[in-house]
Amino acid sequence: MSEITKSYEPGDVEKKWYASWLAAGAFAGRVDAGRDPYTIVIPPPNVTGVLTMGHVLNNTLQDVLIRRARLEGRSAMWLPGTDHAGIATQTVVERELRKQKKTRHDFGREKFLEKVWEWRHEKGGIILEQLRRLGASCDWDRTQFTMDPHYSRAVLTVFVDLFRKGHIYRGKRMVNWCPVSQTALSDEEVIMKPVSSTIYRVRYERVDAPGVFVEVKTTRPETIPGDVAIAVHPEDPRYAGWVGKKVRRPLGPVAEIPIIADAAVDREFGTGALKITPAHDKTDFEIGLRHKLPVIDVLRADGVLNELAGSDLAGMERFAGRKRAAEILKASGALLAEESHANNVGYSERADVPIEPRLTWQWWLRYPRVEEAKAAVRDGHIRFHPERWSKVYLHWLENIQDWCISRQLWWGHRIPVWYRKGLDRESLTEQDLRDPTKVHVSFEGPADPENWTQEDDVLDTWASSWLWPFATLGWPDREAQAKQGLDHFYPTTTLVTGPDIIFFWVARMIMAGLEFMRPGEPIERRIPFRHVYFTGIIRDAQGRKMSKSLGNSPDPLDLIGKYGADGLRLGIVSIAPQGQDIRFQEDRIESGKNFCNKLWNACRFRQMSGPAGDNSSVDAILSRLEPARFDADDHAILDRMLATSREVARCFAEFEFSAAAQALYGFFWNDFCDWYVEVSKAKLQDPATKGTCLAIQDLVLRQTLLQLHPFIPFITEELWAQLGYGAPGKFIEDARIEDSSQLASVAQVKGVVIDRAAVATVERLKQFVSQVRALKADHNLASRRDVTFLVTATDADWTVISANLAKLARMAGAAKVERREKVDAAPAVVTPLGTAYLDLASAVDAGAEKVRLSKELEQLAKHIAGTEARLANEAFVSKAPPAVLEGARRQLADQQAKRTELERLLKALG
RNA sequence: GGACGCUUAGCUCAGUUGGUUAGAGCACCUGCUUCACACGCAGGGGGUCCGCGGUUCGAGUCCGCGAGCGUCCA
């Protein structure tokens, strides 16, 4: 055993142990039929990603779970990987190209994809490297990427399968179009934002009645050239007789458009008349369909107005076009007013620009297994933590819409559909799609590729990540599946993720699992995971989301440098209560580091206190104990240790990680360091108690290190080795956490029967010490160690005191503690073990003493009055449970006795 | 408009099924380089538990109404 340094220096320790773990293959998830599996699949970060505080929280929790599972003897496996992140990655690479004044079109599809792959090989592993710094114990040999060949095969197999089952179709529909990324987006990728915009009141003149106008309100005057009708409610008296007449479009190419009646028009809004622009609004599109109206699309894919918008606007970007449109309308007198207006506008999640409703051909998925997906959560096969998120999940499934799974990107899984050459894709019917002479759908592609053209679109990224829990385990390749242990590790145990992707990812994974895993088997075998733990979102001190653009996110690697990975981990876990958003405060991370230092020093103290005994197992340590020599403190610390391990186990069962960390923190710092270690200093002086005391320290330290290890793996591994708790060449995770009842019964075999009454005794000793210290402090003697305390106590109390005399004197900072029958006029405190006097009679300021005692008496009187009132209440006495009643009575008796004593002391002062 | 969450010490937050005098970390004040740790020890100050009403012997905790903040869905 080498000597431990005075303060904990994490840097080298972390490097050393991480390398050892890797070298030994300690994180490998091995199939072991004899042990319960515990599986976690990482929420794959984007390959473009760098570690954020959100990742730190999320992955620390996963690591805590998986390390705890190993300590519980389960065959634990944490599978890492990254997501190709279609739009995000393509955007990043395009941005790089733009620096060279090039676009992806300058390269063409294949060359561009080569560039992206190059980029991925260069930079795509950064975030996984950073996770290693954090201590993540992933099985790195299993690292997956959603564009790996076998994973791609899973994605395309699923597409083909769902197509054949009739779940996938192609349709020309209104989609959310991002003019920057120039692709369709799913509804989930659109963020509604309240914005204050301008609403324009515009009038359209009746063709048949010059000087008569219909007035509409619009926020988008630049789309007027796309107007094909004005719609009113059929029963709106204001427009009786107008339907069928025509008005002149006030902007764009000259045109006369009809006034139509449609019940979908909201009479309450504005003038009750609505301009109908089917190409640029979803409702308008539907109205247009009903009335067989033409569709005039005035925007290009990039959001620039086209020639159909008229020569005045063509070539203008949409927002510039809007201003220009307003000017033109104003000049012609068609614009009546501009009013400010608050409304919700959909923004593209990635590019953060307003999306355009746009009519395009896309591929759609009718979700499979919707009802089963609801049942899986409703019936508790999958449990959400906190439970309330299941409501959000169910609500979404109740209102589920078909999923637009095609994207007009290059980076992603290209849709495995081939069209016969020469075929007009625009006119393909649903029936044509199912005709193998026209459309080929397969994983392998057509046998005669020269006659076919492949679909240009790729799949939505989420249409690959929804397969994550099983495609990462070899599916659909049977051989790979067997090798990677799908049978053993699926369903996974716990998913740790943020509630922001409950629709994007969680819900979809559940449906995919139910559809593709183990057909025909019971639901609990097909679900992808049993528990979903939703973390909170990390915010800055002002409560804002952490984001790159705000620059308010600290770099986790800086924090690791400053506080160590363990400090960061413990800090982040301790401020992350279940499912609540988190305000990040760096001082909590500092607390994490301080705790590590405390742990370090407590072990250092143990090491300096005496030679190491046989620490190789719980059994060995227990054998070193002499139960007959136990004092109250020995009993109490063991009792607290068992209570803490029960509490920690409960916390894990309930997914209350911060509570688990806090329980260990409190036990170790307060119960062990502040009390037991301090009283040990007296016990270690006595050869009769030394051996047992050291063995108890070893036992407590051992169990504490074990339970802390999932939270702070590096330092605990180091100390475990330093103190000789593990066999040579073994890691802490080769040991097993005994649950509290196992531990208690093992101890019992060794003759250790914990006296639970000792806890109460120690509480009284603590009270005594703390009151006596306060008494010294009140008299400015806190640093004096030569004082004597005189105690008047009952025989029973004095028995307790005298049994602990050496410890009490040391803890109280006193030279002597002596019993007296009677003490006059000295500063005193009334403790649960009698009245303690400060033996400094000459220095007493009787006046000040009286003030102090009177104050205390006053406080006490209040409490007594409260307790008396309760006990005087007939209803309380007759209805409260006996234990509560008894407690109140005992409390009153104690309070009264204390009052009598205080009054006596006051009187003695004259 | 609907759903959910939050409101407790100066700050950030715990508080499990209702039950002694409501806790922690940080911050603050006082003292201490005491033979593990100043990344520490000891002592201390600080709270009408958002408001109103109800249930109950008893409410921070349960119910209702309201206010403020936040998130998601429309």
Side-chain angles (χ1 to χ4, degrees), chain A residues 4-8 187-188 191-192 344 386 388-389 391-392 394-396 398-399 499-500 502-503 536-537 539 541 543-545 563-564 567 571 574-588 590-609 647 650-651 654 656 658-659 662 665-666 669-670 673-674 677-678 680-681 684 769-771 773-778 780-785 810-813 859-860 862-864 866-867 869-881 883-892 894-895:
Chain A
I4 304 181
T5 57
K6 189 170 173 182
S7 66
Y8 175 53
D187 294 340
E188 288 71 29
I191 314 285
M192 297 306 288
N344 282 318
R388 63 186 154 87
W389 290 110
K391 243 187 173 171
V392 177
L394 289 170
H395 181 257
W396 183 74
E398 293 294 343
N399 299 286
D500 49 332
I502 190 166
F503 311 136
I537 291 164
R539 302 174 176 281
R544 301 172 303 177
K545 257 189 175 177
Y563 305 108
S574 73
I575 56 177
Q578 194 183 42
Q580 290 298 335
D581 284 2
I582 296 139
R583 290 201 188 206
F584 179 74
Q585 279 189 304
E586 194 166 322
D587 55 28
R588 299 298 291 267
E590 193 179 352
S591 293
K593 181 198 173 183
N594 292 349
F595 180 81
C596 290
N597 194 55
K598 187 75 178 174
L599 182 63
W600 186 258
N601 274 287
C603 292
R604 187 164 161 254
F605 176 74
R606 164 61 191 92
Q607 201 186 35
M608 293 163 73
S609 298
E647 170 65 3
R650 187 197 66 77
C651 289
E654 303 292 325
E656 294 174 12
S658 67
Q662 276 160 23
Y665 184 106
W669 202 308
N670 305 128
C673 291
D674 289 348
V677 169
E678 290 307 320
S680 292
K681 288 174 182 173
L684 293 170
V769 166
S770 142
Q771 283 180 278
R773 280 169 174 169
L775 188 63
K776 275 175 75 183
D778 278 345
N780 299 320
L781 302 169
S783 53
R784 289 272 296 272
R785 310 190 69 79
R810 191 188 166 90
M811 295 296 276
Q859 283 293 321
L860 190 61
K862 270 189 215 160
H863 295 143
I864 289 176
T867 317
R870 264 194 321 148
L871 285 165
N873 186 339
E874 173 64 30
F876 174 69
V877 175
S878 60
K879 290 186 180 171
V884 173
L885 196 56
E886 179 49 36
R889 286 193 172 128
R890 205 176 46 235
Q891 183 194 329
L892 184 62
D894 290 351
Q895 286 169 337

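Below, chain A is the first sequence line, B the second, and so on; all start at residue 1.
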Rounding to an integer number of Å, can you tell me how far [X] [atom1] sits from [N] [atom2]?
X: R650(A); N: A14(B); atom1: CZ; atom2: C1'; result: 12 Å
X: Q771(A); N: A42(B); atom1: CD; atom2: C1'; result: 15 Å
X: F876(A); N: U20(B); atom1: CZ; atom2: P; result: 10 Å
X: R583(A); N: U71(B); atom1: CZ; atom2: P; result: 11 Å
X: K681(A); N: C35(B); atom1: NZ; atom2: P; result: 9 Å
X: Q891(A); N: U20(B); atom1: CD; atom2: C1'; result: 4 Å

Inset, instruction - Would you kindly check whether a donor in the side chain of E678(A) faces an acceptor in the base of A36(B), or vice versa, at under 3.5 angstrom? - result: yes
Looking at [X], does any N or O in its side chain come under 4.0 Å of the phosphate oxygens OP1/OP2 on [N]?
X: K598(A); N: C39(B); answer: no
X: W389(A); N: U71(B); answer: no
X: K6(A); N: C39(B); answer: no
X: K776(A); N: G31(B); answer: no

Inset, instruction - On RNA chain B, check which nucleotide each of C603(A) and Y8(A) is closest to and give me the residue with the more 5' one. - result: C603(A)
Legend entry - Whichever of S591(A) and R773(A) has its nearest RNA chain B nucleotide further upstream toward 5': S591(A)
Legend entry - Gap between atom CG of N594(A) and atom CH2 of W600(A) - 0.5 Å precision: 15.5 Å
Inset, instruction - Can you measure from CZ (R604(A)) to OG (S609(A)) and round to the nearest 0.5 angstrom? - result: 11.0 Å
Inset, instruction - State, with a plain yes or no, whether a side-chain heavy atom of Y8(A) is found less than 4.5 Å away from one of N601(A). - result: no
Just the table, please: protein N/O against nucleotides 72-74 of chain B N/O, every pair under 3.5 Å.
from	atom 1	to	atom 2	distance (Å)
A74(B)	N6	N344(A)	ND2	3.2

Legend entry - Ionic contact status for E656(A) with R650(A), cut-off 4.0 Å: yes
Inset, instruction - Go ahead and write out RNA chain B as dot-bracket, 5' to 3': ( ) for pairs within the strand, [ ] for ones crossing earlier pairs, | when the partner sits on another strand, dots for unpaired; Watson-Crick or G-U wobble, both distances under 3.5 Å. - result: (((((((..((((.....[...)))).(((((.......))))).....(((((..]....)))))))))))).
Legend entry - Heavy-atom neighbours of E874(A) CD exceed 12 at 6.0 Å: no
